[in-house]
Amino acid sequence: MIIIWYTQPIGGFSSFYYYDKVARILVRIRLELNRKKTDHDNGEAMAIYRINRYCAFSRNPELLETSKLSVLNGVVVASKDNDLSDVPKDGYYVYDFSSKDGKNPDRRPHNGNVVTSKPLLPDGITEMHLKLLAQKCIALKSGIVLVPRNASEAQLKQAILDAIK
């Protein structure tokens, strides 16, 4: 079963998520331009491919400060009484993590932005383009760097279109 959702960072294009709940494969397409560099990446716009992935959604933006996430019978659960959903809903935050043992996160879960049903996408890019890009990542079993952090919207659009040719 495939589920799709978007999150909205402050002041940038949305991120697109494509998740195969059965195979536990997640592709996150980060479309932000001028994203701050971190210890983990240079802030590029990119498609990120992850396996053994589990996802949950919560209204609580600080869930990881108050609760520990784990997996019970294939479902993400929280150690404290926090409402979690396995369905993305507007206004909920996404929490996702990889787990090789199917019980515990391999490292600290990713705390995503707010889920939105009204994504901000580069001009001319549609959900179909993003689905095709996610499916390409799954076929390649790899992520794809689209453009450097200082690229223009036109360069990002062209990189997406080139990647799905």
Q: List the atom of K136, the atom of A163, and the distance in Å for their closest heavy-atom pair.
A: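 Closest heavy-atom pair between K136 and A163: NZ-O, 2.6 Å.
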Q: A side-chain contact here means heavy atoms from C-beta on lying under 4.5 Å apart; do V87 and I3 qualify?
A: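 The answer is no, as the side chains (C-beta and beyond) never meet within the 4.5 Å cut-off.
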Q: Would you mind reporting whether V76 and Y95 have side-chain heavy atoms less than 4.5 Å apart?
A: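 Side chain of Y95 against side chain of V76, heavy atoms only: no contact under 4.5 Å found.
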Q: Return the minimal non-hydrogen interatomic distance between S58 and L84, and the atom names on each side.
A: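 That would be CB-CD2, 3.9 Å.
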Q: Would you say the side-chain atoms of D101 pair up with the backbone N or O of K103, donor to acceptor, closer than 3.5 Å?
A: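 Yes; at least one donor-acceptor contact below 3.5 Å.
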Q: Mind checking whether L140 and I48 sit in one hydrophobic cluster, side chains of I, L, V, M, F, W, Y counted as touching below 4.5 Å?
A: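 Each belongs to a different hydrophobic cluster.
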Q: Which heavy atom in S85 sits nearest to a heavy atom in Y92, and how many Å separate them?
A: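 In this case the closest contact between S85 and Y92 is CB-CE2, 4.2 Å.
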Q: Quick one, H129 with T126, criterion side-chain contact (heavy atoms from CB on, under 4.5 Å). Give me CA distance, side-chain angles, the key distance, then yes/no.
A: CA-CA 5 Å; H129 295 118; T126 67; 3.0 Å; yes
Q: Is there a donor-acceptor pair under 3.5 Å between the side chain of D86 and the backbone N or O of V75?
A: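 A pair under 3.5 Å: no.
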Q: Mind checking the CG-OH spacing from L130 to Y18? Nearest 0.5 Å is all I need.
A: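 So the CG of L130 and the OH of Y18 are separated by 12.0 Å.
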Q: Is a salt bridge present between R30 and D41, judged by a nitrogen-to-oxygen distance below 4.0 Å?
A: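 Result for this pair is yes, salt bridge flagged.
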Q: Using side-chain contact (heavy atoms from CB on, under 4.5 Å), reason through I144 and Y49 one step at a time and then give a plain yes or no.
A: CA-CA 8 Å; I144 298 171; Y49 170 85; over 6 Å; no
Q: Quick one: side-chain contact (heavy atoms from CB on, under 4.5 Å) partners of P61, sequence neighbours excluded?
A: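 In terms of side-chain contact (heavy atoms from CB on, under 4.5 Å), with neighbours along the sequence ignored, P61 is linked to Y93.
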Q: Within the side chain of Y54, is there an N or O that forms a donor-acceptor pair under 3.5 Å with the backbone of V71?
A: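 It does not hold such a pair.
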Q: What heavy-atom pair brings G102 and S99 nearest, and what distance separates the two atoms?
A: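 Distance-wise, the nearest heavy atoms are N-OG, 3.0 Å.
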Q: Run the salt bridge (charged side-chain N to carboxylate O under 4.0 Å, His left out) test against D83 and tell me which residues pass, sequence neighbours left out.
A: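 Checked D83 against salt bridge (charged side-chain N to carboxylate O under 4.0 Å, His left out); zero matches.
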Q: Measuring from I2:CD1 to K21:NZ, what's the distance to the nearest 0.5 Å?
A: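 The CD1 atom of I2 sits 11.0 Å away from the NZ atom of K21.
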Q: Calculate, to the nearest 0.5 Å, the distance between atoms OH and CZ belonging to Y19 and R28 respectively.
A: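 Rounded to the nearest 0.5 Å, the OH-CZ separation comes out at 15.5 Å.
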Q: List in chain and number order the residues that pass side-chain hydrogen bond (donor to acceptor under 3.5 Å, both in side chains) with E153, two or more places apart in sequence or in another chain; answer none if no residue qualifies.
A: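 Partners of E153 under the side-chain hydrogen bond (donor to acceptor under 3.5 Å, both in side chains) test: none.
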Q: Once you round to the nearest 0.5 Å, how far does CG of L31 lie from OG of S15?
A: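 Nearest 0.5 Å value for the CG-OG distance: 6.5 Å.
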Q: Report the residues that fulfil side-chain hydrogen bond (donor to acceptor under 3.5 Å, both in side chains) with S117, sequence neighbours left out, ordered by chain and then residue number.
A: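 With neighbours one apart ignored, the set is D90.
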Q: With sequence neighbours excluded, tell me which residues meet side-chain hydrogen bond (donor to acceptor under 3.5 Å, both in side chains) with E65.
A: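 If we apply the side-chain hydrogen bond (donor to acceptor under 3.5 Å, both in side chains) test to E65, skipping adjacent residues, the hits are R108.
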Q: With the 4.5 Å side-chain cut-off for hydrophobic clustering, are I125 and L132 part of the same group?
A: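 In one cluster with I125: L132, yes.
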Q: Would you say I160 ends up clustered with V145 if hydrophobic residues are merged whenever their side chains have heavy atoms under 4.5 Å apart, either directly or through other cluster members?
A: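 Result: no, two separate clusters.
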Q: Return the OG to CZ distance between S98 and R107, rounded to the nearest 0.5 Å.
A: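 Output value for this atom pair is 7.5 Å.
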Q: Let me see the working for F16 and L133 under side-chain contact (heavy atoms from CB on, under 4.5 Å), right down to the final yes or no.
A: CA-CA 10 Å; F16 172 81; L133 181 55; over 6 Å; no
Q: When clusters are formed by joining ILVMFWY residues with side-chain heavy atoms under 4.5 Å apart, either directly or through shared neighbours, do I25 and M46 land in the same one?
A: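 Each belongs to a different hydrophobic cluster.
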Q: What pairs with D96 under side-chain contact (heavy atoms from CB on, under 4.5 Å), at least two apart in sequence or on another chain?
A: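 Counting only residues at least two positions away or on another chain, D96 forms a side-chain contact (heavy atoms from CB on, under 4.5 Å) with Y17, L26, R53, C55, V94, H110.
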Q: Check side-chain contact (heavy atoms from CB on, under 4.5 Å) between D162 and all other residues, then give those that pass, not counting sequence neighbours.
A: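 With sequence neighbours excluded, D162 shows a side-chain contact (heavy atoms from CB on, under 4.5 Å) to Q158, K165, given in chain and number order.
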Q: Please collect all salt bridge (Lys or Arg N to Asp or Glu O under 4.0 Å) contacts where either partner lies in residues 113-127, sequence neighbours excluded, each pair once.
A: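 Applying salt bridge (Lys or Arg N to Asp or Glu O under 4.0 Å) to every pair that reaches into residues 113-127, excluding sequence neighbours, yields E127-K131.
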Q: Which residues pass the side-chain contact (heavy atoms from CB on, under 4.5 Å) test with L120, not counting sequence neighbours?
A: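 Applying side-chain contact (heavy atoms from CB on, under 4.5 Å) to L120 gives Q8, F13, S14.
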Q: With ILVMFWY side chains joined below 4.5 Å, transitively, what does L72's cluster contain besides itself?
A: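 Traced through the cluster, L72 reaches V77.
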Q: Is it the case that one hydrophobic cluster holds both Y6 and I10, taking links as side-chain heavy atoms less than 4.5 Å apart, direct or via other members?
A: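 No: no chain of side-chain contacts under 4.5 Å links Y6 to I10.
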Q: For S142, what residues pass the side-chain hydrogen bond (donor to acceptor under 3.5 Å, both in side chains) criterion, not counting sequence neighbours?
A: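 With neighbours one apart ignored, the set is empty.
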Q: Side chains of F97 and D106: does their closest heavy-atom pair fall under 4.5 Å?
A: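 No, every pair of side-chain atoms sits at 4.5 Å or beyond.
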Q: Can you name the residues that form a salt bridge (charged side-chain N to carboxylate O under 4.0 Å, His left out) with D20, not counting sequence neighbours?
A: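 Testing D20 for salt bridge (charged side-chain N to carboxylate O under 4.0 Å, His left out), a comparison that skips the adjacent residues, returns none.
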Q: Which heavy atom in L64 sits nearest to a heavy atom in N111, and how many Å separate them?
A: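 Distance-wise, the nearest heavy atoms are CD1-CB, 4.0 Å.
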Q: Can you tell me how far CG of N60 sits from OG1 of T66, rounded to the nearest 0.5 angstrom?
A: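 Going from OG1 on T66 over to CG on N60, the span is 5.0 Å.
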Q: Closest heavy-atom contact between F57 and V115?
A: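 Heavy atoms only, the tightest pair is CD2-CG2, 4.1 Å.
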